[in-house]
Every structure is written in structure tokens, then in C-alpha cells.
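Okay, structure first, notes after.
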Number of protein chains: 2
Amino acid sequence: MKLRILVVDDEPEIIELVEFNLKQAGYAVTTAADGAEALKKARSQTPDLIVLDVMLPEMDGFEICKALRLDAATAKIPIVMLTAKAAEIDRVLGLELGADDYLTKPFSPRELLLRVKKILARHQAEEKPKEQLRYGDLLIDLPRHIASWKNKPIELTATEFKLLTILAQRAGRVQSRDQLLRDVWEYDSLIDTRTVDTHMRRLREKIGPAAKHLDTVRGVGYRFIE
Amino acid sequence: MKLRILVVDDEPEIIELVEFNLKQAGYAVTTAADGAEALKKARSQTPDLIVLDVMLPEMDGFEICKALRLDAATAKIPIVMLTAKAAEIDRVLGLELGADDYLTKPFSPRELLLRVKKILARHQAEEKPKEQLRYGDLLIDLPRHIASWKNKPIELTATEFKLLTILAQRAGRVQSRDQLLRDVWEYDSLIDTRTVDTHMRRLREKIGPAAKHLDTVRGVGYRFIE
DNA sequence: CATTCCGGTGACAACCATGTGACGATTGGG
DNA sequence: CCCAATCGTCACATGGTTGTCACCGGAATG
């Protein structure tokens with residue numbers, strides 16, 4: 001899936017330049033020309049990163065930054081600030097307000113790309129694995145090692161629980177039997193791939209109605225659907 | 001219980017030097033060579049202090065620092081930064097981002113120890129762990145080192161008490177045998193994991209009716225249920 | 001339409017994880 | 001110096017768990 005970036009600037013030339021380069025690099029880009037629009041789009045689209053010009057009419061970059069941080073929906077989106085002022089005070093202020101990086105105009109597109117890439121990479125890395133997975137009435141609690149349906153616990157063996165967890169964590173994506181063997185059983189392929197089938201069967205049997213989430217993709221593997 | 005320190009550096013010599021000196025001084029030390037590993041270990045082990053080199057490949061110390069501060073699980077762990085640059089800006093930036101102290105290379109091990117000790121003393125003082133845990137009729141009094149059931153004291157050995165305490169403090173969360181060995185026995189894994197079983201058995205025997213709180217999760221570990 | 005391929009199913013034997021009792025080593029106090 | 005307490009390890013029993021297999025029905029394939 002393409003990573004989405006929101007570019008906020010009031011100068012059409014800058015927008016165009018940045019947009020072109022980011023799209024070239026394979027990102028999905030949307031733009032906003034002022035603070036209000038920026039906040040609205042940030043909330044509705046929850047982009048993976050925001051490129052934000054400090055100099056804007058009405059609401060400047062710092063204010064937008066602050067506003068974004070105050071809203072839970074946007075609080076964690078990394079922000080790259082663009083500014084004409086190279087003064088140190090700006091850098092510190094920007095970082096304090098929650099910007100993740102800083103670029104002073106004039107900047108080269110290549111430099112912008114580098115920063116964006118780096119920040120996105122870092123953010124992916126620090127994304128912490130979720131402790132709970134919830135899909136409708138199905139709840140999987142990792143640290144408690146409990147799965148439940150409509151708040152009623154489901155008795156699962158260790159392997160079944162792990163299998164369910166792995167599938168749920170990769171919801172939507174098909175997992176081949178080999179993939180599952182590697183991730184659930186860990187030591188490689190001493191085990192027959194058909195074993196996965198048996199475990200899927202037992203899992204489906206035990207989780208009852210929640211089995212509708214477990215999809216078989218003939219010829220490929222299994223998939224957890226939301 | 002030994003205080004645990006996580007040392008993050010990419011240079012093996014530095015790691016070795018720091019690790020040796022800290023262990024000598026009675027701390028339990030784990031190490032990480034890069035940012036991703038550092039974040040992972042910080043979250044999984046929640047050390048009491050982190051020694052962090054600023055100069056690292058990929059993700060530098062400032063970024064790690066910031067990432068640690070953004071996560072509730074690691075936000076309050078004190079950080080001592082190591083850097084080659086003595087520049088003022090670095091110091092200010094580092095402190096702003098949440099480092100608790102600062103050390104410029106080359107530093108003497110004695111100096112590092114002093115800082116670590118000082119910071120830990122300050123932090124321990126202001127942090128008060130719960131002194132009592134109560135679950136129904138079961139009461140665990142940490143400072144008095146006494147457990148009781150319906151106000152009647154339960155005779156426990158030091159190890160049994162610690163085991164019970166660790167489990168109760170993480171009530172609900174499954175603890176693997178390895179995890180328990182690390183936290184209760186402290187020095188790593190010289191001990192057979194089955195030893196945990198034996199101690200659980202003795203513990204259950206002694207606490208009698210309260211044993212209903214001690215749950216076995218087959219294939220995974222043990223869990224304290226409320 | 002015939003054939004092949006694939007996944008679901010039930011049974012089963014081997015295995016493994018855990019509870020349990022016992023034993024030797026160590027330690028500290030009387 | 002001996003005894004009691006504590007601890008780590010081990011062997012054994014047992015019941016749950018697991019991997020495999022044979023069989024079957026339905027889906028693809030030609």
C-alpha cells in the first residue's frame with residue numbers, strides 16, 4: 001500500500017514541486033493551501049506524514065502543528081517543517097511543538113525525499129505491536145493470552161492461539177502454509193504443511209461463530225478477514 | 001533486586017567497557033547495537049536506566065530518545081546520553097528531548113558510574129512502587145515481606161514470596177518460565193526452567209485457598225488471575 | 001464429462017508439558 | 001557439629017496436545 005503524504009503550503013509552485021517529486025518517489029500525495037484545510041484533511045485522511053510550511057496566511061505552521069498534536073487522531077503523524085528562517089530558535093521551537101524534522105528553504109527535492117524516507121522508516125520501526133486485536137465481537141488479548149467472543153473466553157491451545165494471532169495481525173493478507181509454519185511453528189518445515197489445515201480446522205471448530213473471519217484461499221493459503 | 005541498565009552503542013569496545021564497569025558495580029546489563037533493537041529491548045525489559053550513544057547508524061540517539069519518550073511504557077526511564085560532540089547545542093537539544101544527563105567522550109568509567117548512580121538514586125527516590133497488593137482475601141505486603149490470607153500470615157520462603165509478588169504485580173498477564181527466571185532469579189538462565197514448576201507447586205501448596213489465583217497456561221507459562 | 005487437485009474431516013498414536021514426590025547439596029543457626 | 005530449612009534437579013505418571021494419515025467431497029482443469 002502506498003504511503004500517504006499531506007503537503008501544506010500556500011505557494012502553488014512549491015506545492016507543485018513537492019507534489020511532483022513525492023509522487024515520483026511512489027507516495028500518494030494530497031495537498032492543502034491553508035491551515036483550516038490542512039487540519040480537515042489531516043483528520044479525514046490520516047496521512048502517514050505531513051509536509052508543513054511554516055509561513056502560511058492566517059494560521060502559521062507552528063499553530064497547525066500544535067493543533068495536530070492535540071487531536072488524538074492526528075497526534076502521532078510525523079511532521080516535516082519547511083521554513084525560510086534558518087534561525088536556531090525556529091528549529092528548537094519546531095521540535096518542541098512536535099515536528100519531526102526540519103528543512104530550510106531553499107531546499108533540494110532530493111533532500112526532502114531523504115528526510116521523508118528516513119522519518120517514515122523510523123516511524124514504521126517504532127510502531128509498537130498491538131496488545132489487543134479486536135474485530136467485531138472477537139477479541140484477542142496478547143499479554144493475557146486470551147481470545148474471546150462476545151466477552152466469553154474461547155479455550156484455545158498455545159498453537160491455536162498463536163495461529164489465530166498471526167493471522168489476525170496480518171488481517172486481509174493471505175498467508176501461505178509455509179509462511180504460517182515459519183511464523184507459528186518457528187523451526188522450519190520439519191512439519192508437513194497439511195498440519196496447518198488440521199489446526200485451522202480445530203481452530204474454526206473452537207471459535208465457533210468467529211470462524212467467519214477465517215477464510216480459505218484455495219491454492220494459496222489462509223486469510224483473516226475483518 | 002538488581003537495577004537493570006540498557007546500554008545502546010554500535011561500537012563493541014565501548015559496549016564492552018561500559019558493560020564491564022556497570023556489571024562490576026552490581027547492575028544487570030543488557031545491550032543493543034542499533035535504534036530498533038534499543039526500542040524493542042527498552043519496551044520488553046523496561047530497564048531502570050538507559051545509556052545511549054548519540055552517534056548511531058540509521059536512527060541517532062536523539063531520535064531514539066524522542067521515541068522512548070512518546071511511549072508510555074518507556075517514557076519515564078532516565079536516559080544518560082553519550083556523545084563525541086561537546087557542542088552546546090547538542091547538550092541543550094538532548095536535555096530538551098528528555099535525556100537526564102550528558103557525558104562527552106572520552107569519558108572515564110568512574111565518571112559514568114557516578115552519573116548513573118546519581119540519576120538512579122534521584123529516580124528511585126521519587127518513584128514509589130506499590131507497597132501492598134490486595135486481591136480478595138489475599139494480601140501481599142512488599143516492605144514487610146509478608147503475605148497473608150484472611151489476615152492470617154502465610155509462611156513463605158524468599159523465593160516463593162518473590163515469585164508470588166512478580167506474578168501478582170503483573171496480574172492477568174501471562175509470564176513465561178524464562179521471564180520468571182529472569183525476574184525472580186535475576187541471574188540469567190543457569191537454572192532449569194522446570195525449577196519454576198517446582199516452586200509454583202510449593203507456592204500453591206503453602207497459600208492453600210489462594211492458589212486459585214495462580215493459573216497455569218499450558219504451553220506458555222503462568223498467570224495471576226484476580 | 002472425466003480427471004486431477006485441493007482442502008475439510010475424523011481417528012489415532014506419539015509426544016510433550018505439567019504436577020508431584022523424592023533426593024542431594026548447601027546454608028545458617030543452635 | 002548437627003539439624004532443619006531451603007533450593008535446584010530429577011524421574012515418573014498422566015492427560016492434554018499435536019502431527020500424520022487415509023478418506024471424501026467439491027472445485028478447478030482440460
Side-chain angles (χ1 to χ4, degrees), chain A residues 145-147 153-167 174-225, chain B residues 145-147 153-167 174-225:
Chain A
H145 214 265
I146 288 174
I154 307 170
E155 294 279 335
L156 294 179
T157 70
T159 338
E160 285 156 6
F161 185 83
K162 201 162 183 182
L163 177 58
L164 176 61
T165 302
I166 294 282
L167 282 168
V174 182
Q175 304 292 311
S176 71
R177 290 174 173 70
D178 286 308
Q179 184 79 45
L180 290 171
L181 275 181
R182 253 183 290 129
D183 292 345
V184 178
W185 279 258
E186 290 177 4
Y187 49 93
D188 306 50
S189 61
L190 306 161
I191 295 181
D192 194 293
T193 60
R194 288 305 307 280
T195 299
V196 179
D197 295 42
T198 304
H199 277 269
M200 283 300 294
R201 173 181 142 278
R202 293 204 260 250
L203 182 55
R204 279 169 168 155
E205 197 172 276
K206 289 193 183 176
I207 68 177
K212 68 180 182 192
H213 288 288
L214 301 177
D215 193 20
T216 304
V217 183
R218 197 182 171 80
V220 188
Y222 294 96
R223 168 175 54 185
F224 187 100
I225 49 182
Chain B
H145 218 264
I146 290 174
I154 307 170
E155 293 282 333
L156 293 180
T157 70
T159 325
E160 285 155 6
F161 184 80
K162 205 162 186 180
L163 177 58
L164 176 61
T165 302
I166 294 285
L167 282 168
V174 179
Q175 305 292 310
S176 71
R177 289 173 172 70
D178 286 310
Q179 184 81 46
L180 290 171
L181 275 181
R182 253 184 289 132
D183 292 346
V184 178
W185 279 258
E186 290 179 10
Y187 47 94
D188 307 49
S189 61
L190 305 163
I191 296 183
D192 195 295
T193 60
R194 288 307 307 281
T195 299
V196 179
D197 295 42
T198 304
H199 278 269
M200 282 299 294
R201 173 180 145 280
R202 293 202 256 250
L203 182 55
R204 279 168 167 156
E205 200 172 271
K206 288 193 183 175
I207 68 177
K212 68 181 180 192
H213 288 290
L214 300 178
D215 195 18
T216 304
V217 184
R218 189 169 248 268
V220 187
Y222 293 98
R223 168 176 53 192
F224 188 101
I225 49 182

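Within every chain, numbering begins at 1; the chains are lettered A, B, ... in the order of the sequence lines, protein sequences first and strands thereafter.
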Only one of B:D215, B:L214, B:I166 clears side-chain contact (heavy atoms from CB on, under 4.5 Å) with B:F224; which? B:L214
Checking B:R202 now: which residues fulfil salt bridge (charged side-chain N to carboxylate O under 4.0 Å, His left out) with it, not counting sequence neighbours? none
Between NE2 of A:H199 and C1' of D:dG16 the distance, given in whole Å, is 13 Å
Between D:dG19 atom C1' and A:L180 atom CG, what is the distance in whole Å? 16 Å
Short side-chain N/O contact to D:dC7 OP1/OP2 from B:W185, under 4.0 Å: no
Specify the separation, in whole Å, of atom CG of A:D192 and atom C1' of D:dG19. 8 Å
Correct closest heavy-atom pair for B:E160 and B:L203 would be O-CD1, 3.9 Å
For B:F161 and D:dT6, give me the distance from atom CZ to atom C1', rounded to whole Å. 17 Å
Quick one: closest heavy-atom pair of B:W185 and B:I191, and the distance? CD1-CD1, 3.1 Å
For B:R204 and B:A211, which heavy atoms make the closest approach, and how far apart are they? O-CB, 3.8 Å
Residues at least two apart in sequence or cross-chain that pass salt bridge (charged side-chain N to carboxylate O under 4.0 Å, His left out) with B:R218, listed by chain then number, are none
Set of side chain to side chain contact (heavy atoms under 4.5 Å, CB included) partners for B:I146, sequence neighbours left out: B:R144
How many whole angstroms separate atom CD1 of A:I191 from atom C1' of D:dT17? 13 Å
At what distance, to the nearest 0.5 angstrom, does CG of A:D183 lie from CG of A:D178? 11.0 Å
What are the bounds, 5' to 3', of the part of DNA chain C that sits under 4.0 Å from heavy atoms of chain B? C:dA17 to C:dG21
How many angstroms lie between CD1 in B:I154 and CZ in B:F161, if you round to the nearest 0.5 Å? 10.0 Å
Residue whose nearest DNA chain D nucleotide is more 5′ - B:E160 or A:L156: B:E160
Could you tell me whether B:R177 and B:D197 have a side-chain N and a carboxylate O separated by less than 4.0 Å? yes
Which residues, if any, of residues 200-224 of chain A bring a heavy atom under 4.0 Å of DNA chain D? A:R202, A:R218
Taking all non-hydrogen atoms of both residues, which atom of B:I225 and which atom of B:K212 are closest, and how far apart? CD1-O, 3.5 Å
5'-most contact on DNA chain D: B:A158 or A:T195, nearest heavy atom basis? B:A158
Just how far, in rounded Å, is P of D:dC7 from CG of B:L190? 17 Å
Should B:T159 be listed as having a side-chain N or O under 4.0 Å from OP1 or OP2 of D:dC7? yes
Distance check: side-chain N/O of A:T157 vs OP1/OP2 of D:dT17, anything under 4.0 Å? no
Estimate the overall bend of the helix from C:dC1-D:dG30 to C:dG30-D:dC1 from the end axes over five pairs each, rounded to 10 degrees. 30°
